[in-house]
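Data block below; observations after.
All chains are named by letter (A, B, ...) in the order of the sequence lines, taking the proteins before the strands, and each is independently numbered beginning at 1. What you are looking at is a predicted structure, and each value in this text was computed from that prediction instead of being measured. Atoms considered below: every heavy atom in the structure, side chains included; atoms not considered: hydrogens, waters and symmetry mates.
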Amino acid sequence: MSEEKSLNFIEQIIEEDIANGTHGGRVLTRFPPEPNGYLHIGHAKSICLNFGLALKYNGQTNLRFDDTNPITEDTEYVDSIKQDIQWLGFNWANEFYASDYFEQLYTFACKLIEQGYAYVDDSTSEEIAAMKGTPTEPGKESPYRNRSAAENLDLFTQMREGKFKDGEKVLRAKVDMSAPNMHMRDPIIYRIRHAHHHRTGDTWCIYPMYDFAHGQSDSIEQITHSVCTLEFIPHRPLYDWFIEKLNIFPSHQYEFARLNMTYAIMSKRKLLQLVNENHVTGWDDPRMPTISGLRRRGYTPDSIRQFCEKIGVAKRDNLIDISLLEFCIREELNKTANRVMAVLDPIKLVLANYPDGQVEEMQVENNPEDTTAGSRTVPFSNTLYIEREDFMENPPKKFFRLGVGLAVRLKSAYIVKCDSFEKDADGNVTTVYATYLPESKSGTDNSGLTVKGTIHWVSAQHAATAEVRLYDRLFKVEDVGNAEGDFKDHINPESLTVIQHAYVEPSLLEAKEGTRLQFMRKGYFCVDKDSKPGRPVFNRTVTLKDTWAKESKR
RNA sequence: UGUCCUAUAGUAUAAAGGUAGUACAUCUGAUUUUGGUUCAGACUGUCUAGGUUCGAAUCCUGGUAGGACAACCA
């Protein structure tokens, strides 16, 4: 039973409504994106909330595109939004568009005019803004406010017929110019826009504003719980006012706090800027907080849903630690991703006493967390690549890796003891020499030796070359939204490191796009779409937790 | 000098007048053929002042702090 789990405030409202028989216990939510950009993790929160509510209370969710502003919207966005919702694992009951309701909304507007609740205003936008007053001073009534219903109807008809240019006239609701709530000071509900709409084409040259489209669309669809973010709270009295004056289905609006995340931005406008100014490669750049970016980065739908579950829903402003998102993907991938060996920054390890030309196929388990994952073989020889950071010329105490005189286990192979090393002219270590203990072979070890460290490796002659893209957080500061100056000043110049020549075990040559793997001791990676035959490209989804890195920094 | 929203560990989120709990983060220790995982433990909190009540994180009042609102955007 779900009684154990606590309810968020919206669930509490819904359970009360169900208990009271409101709408006969029916629950119908909606997810209403404007198709003017790609969905991001903040939208995922809203999607999980709206669809989750319906799932939990035996209801349904409509997908409704809020496409009332033709100049910013495009079908490219419509398509990506649909793909992202489905990828997250949700199904909408109906696919609607606010533009489906243009005729109905026009009728609603005429009804308002007839009732004396709306009028055509010839003022310029500057004049309207000036008459609006300020939050602390009341506004002034427009000189056009008292036109007759007949005149307004005639003018509004002419607006629709295209008799006026953009900006010449608007239709305003007649509410109260001295209301303390700015949104009630005769809000504009229709504007003239001679623009091509991605769905209605050139049928219309007047378009309803958000306030005269959203609530009405909710009502037309008989949405029971219209859930949106906090910034719409001041709109709610207007939302209710229109429903009352129009006498239509009483949908209700509820507001929750939008998601903010450390080291990230959620503003569509700013994300667009990153794309347009090439700070990233596109909306699906793996550094982007977009659904498509996270997908390409290697995040799973499950991990994102888990994240949305864990962050909760409330009304207070928040800044979620991105490490929670990382926790969610690690938690899943730990159970599901096969372990493989990849050397990102290679140096050679030569085993002096291992016969030249001999090759052994070492048995390696695919996932210690999943016994059903099986095992594979990895070729082993006397010349291997190991990670540069796994050798130190002057190892400190508690360094459980290689240094002259130190021994480690090569994962799933032998224990080796380091004898010497070579450096190039620049002083960089190039080759490490070691001897192996034949009786320490993994699985049949009777050497009696134990070593503290185990390192990964690949056989030099068998290794495949791969490109590896290491992603880090896109911004250097925690709270990008509230940081001083332009947000672009805080972009992390090291958010992407490309390794052209990483060595990976040969089995990875056939890895298919989207495959998620753990590079042992390095992190979780996935196969990028840029992969070519013979040259796979891997994206780092997230590093492993690394307590040694913390320790060694001290 | 308006209206509205909000205030619980570092970050989030529970506790619907009755033991302040959970997760992430951080720190210990154990286990480990991944310095991963797992396990055990530690850490730290009700903005403030009053009031109501046997009893207040919760209800009321005042204060303080943060946020939203003045696009022909959504």
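Projected onto RNA chain B by closest heavy-atom contact, A:Thr454 and A:Lys45 fall at different nucleotides, the more 5' of which corresponds to A:Lys45. Sequence order on RNA chain B of the closest nucleotides to A:Asn367 and A:Ala314 puts A:Ala314 first from the 5' end.
Annotation: B:G55 and B:G18 have their P atoms spaced 14 Å apart (nearest Å). Remark: the separation of the C1' atoms in B:U8 and B:A56 is 14 Å, to the nearest Å. Straight-line distance between the C1' atoms of B:A12 and B:U44: roughly 15 Å, to the nearest whole Å. The C1' atoms of B:A65 and B:U46 are separated by 16 Å, rounded to the nearest whole Å. Look at the C1' atom in both B:C5 and B:G17: the space between them is 25 Å, to the nearest Å. Between B:A14 and B:U6, the two P atoms lie 13 Å apart (nearest whole Å). Rounded to whole Å, the P atom of B:A57 lies 10 Å from the corresponding atom of B:C47. Using P as the reference atom, B:C69 and B:U58 are 30 Å apart when rounded to the nearest Å.
You'll find that the side chain of A:His235 is closest to B:A74, out of B:U33, B:A74, B:U13. For A:Asp66, the side-chain atoms get nearest to B:A74 when compared with the rest of B:U34, B:A14, B:A74. Across B:U13, B:A71, B:U37, the shortest atom-to-atom separation from the side chain of A:Arg316 is found for B:U13. Picking from B:U1, B:A14, B:U37 the nucleotide with the shortest atom distance to the side chain of A:Thr136 gives B:U1. When distances are taken from the side chain of A:Lys411 to each of B:U33, B:C24, B:G35, the shortest belongs to B:U33. Of the candidate nucleotides B:A68, B:U3, B:U11, B:U11 has the atom nearest to the side chain of A:Asp321. Distance from the side chain of A:Arg521 is smallest to B:U34 among B:U34, B:A12, B:A70. Set against B:C24, B:G35, B:U37, the side chain of A:Ser323 has B:C24 as its closest nucleotide. Listed nucleotides: B:C24, B:A70, B:G36. Nearest to the side chain of A:Arg339: B:G36. The side chain of A:Lys315 lies closest to B:U6 when the candidates are B:U33, B:A16, B:U6.
Nucleic acid contact for A:Asn69: sugar-phosphate only, since backbone atoms but no base atoms lie under 4.0 Å from a heavy atom of the residue. Counting any heavy atom pair closer than 4.0 Å across all strands shown, A:Phe327 reaches sugar-phosphate atoms only and no base atom. Using a 4.0 Å heavy-atom criterion, one finds that A:Arg401 contacts the bases of the nucleic acid, with or without backbone contacts as well. Within 4.0 Å of A:Phe399, counting heavy atoms only, lies at least one base atom of the nucleic acid. Among the protein residues, A:Glu34 comes within range of the sugar-phosphate backbone only, with heavy atoms under 4.0 Å from sugar or phosphate atoms but none that close to a base. Residue A:Pro368 is classed as a base contact, given a heavy-atom separation below 4.0 Å to a base. Residue A:Phe232 is in base contact, counting any heavy-atom pair closer than 4.0 Å across all strands shown. Contact annotation for A:Leu230: no contact, since no heavy-atom pair falls under 4.0 Å across all strands. If you check every strand for non-hydrogen atoms under 4.0 Å, A:Thr262 touches nothing. Here A:Val313 lies in heavy-atom contact (under 4.0 Å) with sugar-phosphate atoms only. Among the atoms of the strands shown, base atoms are found under 4.0 Å from some heavy atom of A:Gly443. Across all strands, A:Arg193 comes closer than 4.0 Å only to sugar-phosphate atoms, never to a base (heavy-atom distances). Base engagement by A:Ser123 is indicated by at least one non-hydrogen atom pair under 4.0 Å involving a base atom. Within the 4.0 angstrom heavy-atom criterion, base atoms lie near A:Ser125.
In this structure, A:Ile386 places its CD1 atom 17 Å from P of B:U34, rounding to the nearest Å. One interatomic measurement links the two molecules: CE of A:Met261 to P of B:C24, which rounds to 18 Å at whole-angstrom precision. Protein atom CG of A:Asp370 is 17 Å distant from nucleotide atom P of B:U37, rounded to whole Å. The CD atom of A:Glu127 sits 20 Å away from the P atom of B:A70 (whole-angstrom rounding). Atom CZ of A:Arg540 and atom P of B:G36 are 16 Å apart (whole Å). Atoms CG (A:Asn318) and C1' (B:U8) sit 15 Å apart, rounded to a whole Å. At whole-Å resolution of the value, CG in A:Asn260 and C1' in B:G66 are 13 Å apart. For A:Asp479 and B:G10, the CG to P distance is 17 Å, given to the nearest whole Å.
Between A:Arg521 and A:Glu387, no side-chain nitrogen of the basic residue sits less than 4.0 Å from a carboxylate oxygen of the acidic one, so the salt-bridge criterion is not met. A:Glu221 has a carboxylate O that lies under 4.0 Å from a charged side-chain N of A:Arg64, or vice versa, which qualifies the two as a salt bridge. A salt bridge links A:Arg258 with A:Glu231: at least one charged nitrogen is closer than 4.0 Å to a carboxylate oxygen. Salt-bridge check for A:Glu505 with A:Arg376: passed, with a basic side-chain N closer than 4.0 Å to an acidic carboxylate O. In summary, A:Lys522 and A:Glu389 engage in a salt bridge, as defined by a charged side-chain N under 4.0 Å from a carboxylate O.
Phosphate proximity of B:U13 to A:Ser6: absent, as no side-chain N or O sits under 4.0 Å from OP1 or OP2. The shortest distance between the side-chain N/O atoms of A:Lys550 and the OP1/OP2 oxygens of B:U26 is below 4.0 Å. Between A:Arg191 and the phosphate of B:A74, there is a side-chain N or O to OP1/OP2 separation shorter than 4.0 Å.
Between the side chain of A:Asn152 and the backbone N or O of A:Arg147, at least one donor-acceptor pair lies under 3.5 Å. A donor-acceptor distance shorter than 3.5 angstrom exists from the side chain of A:Thr29 to the backbone of A:Asn50, with no hydrogens or angles considered.
By the 5.5 angstrom centroid cut-off and the 30-degree plane limit, A:Tyr210 is classified as not stacked against the base of B:A74.
The base of B:U33 sits with one of its N or O atoms less than 3.5 Å from a complementary donor or acceptor on the side chain of A:Arg409. A donor-acceptor contact under 3.5 Å is formed by the side chain of A:Gln518 with the base of B:U34. For B:G35, its base never sits under 3.5 Å from the side chain of A:Glu389 at any donor and acceptor pair.
Ring geometry for A:Phe108 against A:Phe212 counts as perpendicular: the plane angle is over 60°, on a 0 to 90° scale with 30° as the lower cut.
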